[in-house]
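Worksheet: one structure, shown below.
Note that these values count all heavy atoms, side chains included, but never hydrogens, waters or copies made by symmetry. In the text below, chain A, chain B and the rest are named by the order of the sequence lines, each starting its count at 1.
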Amino acid sequence: MPEGHTIHRLAAEYARCFGGRPVRASSPQGPFAAGAALVDGQTLERTEAHGKHLFLGFSGRRWVHVHLGLYGKVHLGQEPAPAPVGQVRLRLAGDGHYADLRGPSRCELLDEGGKQKIQARLGPDPLRPDADPNLAWRRISASRKSVAALLMDQQIVSGVGNVYRAEVLFRQGTDPFREGRSLGRAEWDALWADLVALMREGVRLGRIDTVRPQHTPEAMRRPPRVDDHGGEVYVYRRAGLGCHVCGTEVRTEEHAARNLFWCPRCQQR
DNA sequence: AGCTCATGGCGAG
DNA sequence: TCGCCCTGAGCTG
């Protein structure tokens, strides 16, 4: 599930469950035991999401940096926490809640400098109020890479993953293979605005849901969805099925090491 | 039970 | 661009 909306939700959830109070931190299995010991008993002062990176800020100017990667998950629940099943990299507990982190690609302790170093490498995040889409535009408008590849580059835009990439390009009717430098400013502004709207909705709902109301399931009599990531989508993982808008077969192709999905008829601009 | 694939990203070459 | 890391769900048999 981890695109940017998931991480922003987690930042809010960690703050809600543990914020402002000392927490118990442990690493029942795995290599983070030393890091967990250092924040054990410290107060969770703030949490922050930037793109797909989660930062948990503890007293003592220590940050726990988490990246879920493709497989990472957080399970939040009410205490008493069950005995850990499988590898739990970080368990936080306190005030009636517990949170288990499994399978992250990163879980490490950083100081302020380490955190800033990571954030300096990240492009603007559509979910952050301080995001400046101009920074992304400068890179995109000078690049010969495809807009599909550019949207997935976390140094250019952060938080967008394979689902939002496919869906925003569909919604804007953009041919995913166009070079970044061929995009007009207005086209980029529209893509950015749609990312902001879609990802905010993702945070609110806890899933990626991109289908507009006029394209309701009943109206389209669409075939059943084939994946289970939880929301309604136009093209992501719908290869071979009919486009919800025009009926043309949705296409897929590996592009820059990731599966790209698009409608060849709706996305010609 | 075993295989494949997945919403990600890193380092080697 | 490739291989690899990591977990879990959904198939197949």
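Around the CZ atom of A/R61, the shell of radius 6.0 Å holds no more than 12 heavy atoms that belong to other residues, nucleotides or ligands.
Counting to the nearest Å, the P atom of C/dT7 and the NE2 atom of A/H67 are 16 Å from each other. Atom NE2 in A/H255 sits roughly 14 Å away from atom P in C/dC2 (whole-Å rounding). Regarding A/R89, its CZ atom lies at a distance of 16 Å from the C1' atom of C/dG8, rounded to whole Å. Going from atom NZ of A/K73 over to atom C1' of B/dT7 covers 10 Å, rounded to whole Å. Atom pair A/E3:CD and B/dA6:P shows a separation of 14 Å (rounding to whole Å applied). Summarising the geometry, the separation between CG on A/L10 and P on B/dT7 is reported as 19 Å, rounded to the nearest angstrom. Rounded to an integer number of Å, the gap from CZ of A/R258 to P of C/dC4 is 18 Å. Rounding to whole angstrom units, CG of residue A/L70 and P of C/dA9 are separated by 14 Å.
Among pairs with a residue in residues 142-162 of chain A, none fulfils ring-ring contact (aromatic ring centres under 6.0 Å, His included), at least two apart in sequence or across chains. Applying the salt bridge (Lys or Arg N to Asp or Glu O under 4.0 Å) definition to pairs two or more places apart or across chains, none involves residues 143-157 of chain A. Applying the salt bridge (Lys or Arg N to Asp or Glu O under 4.0 Å) test to every pair with at least one member in residues 5-14 of chain A, sequence neighbours left out, gives these pairs: A/E13-A/R16.
By the side-chain contact (heavy atoms from CB on, under 4.5 Å) test, A/Q119 pairs with A/E48, A/H50, A/F55, A/K115, A/R128, sequence neighbours left out.
Side-chain atoms of A/Y236 lie closest to B/dT7 of the nucleotides C/dG8, B/dG8, B/dT7. Distances were taken from every side-chain heavy atom of A/Q87 (C-beta onward) to each of B/dG8, B/dT7, C/dT7; the shortest belongs to C/dT7.
Other members of the hydrophobic cluster containing A/F58, listed by chain and number, are A/I7, A/L10, A/Y14, A/F18, A/V23, A/F32, A/L38, A/V39, A/L44, A/L54, A/L56, A/V64, A/V66, A/L68, A/V74, A/L76, A/L90, A/L92, A/L101, A/L109; membership follows side-chain contacts under 4.5 Å among ILVMFWY residues, whether direct or relayed.
Using a distance-only test at 3.5 Å, with no hydrogens or angles considered, a donor-acceptor pair links the side chain of A/E3 to the main chain of A/G161.
Between A/N259 and B/dA6, a side-chain N or O to OP1/OP2 separation shorter than 4.0 Å is present. One finds no side-chain N or O of A/K52 lying less than 4.0 angstrom from the OP1 or OP2 phosphate oxygen of B/dT7.
Of the residues in residues 104-124 of chain A, not one comes within less than 4.0 Å of DNA chain C through any heavy atom.
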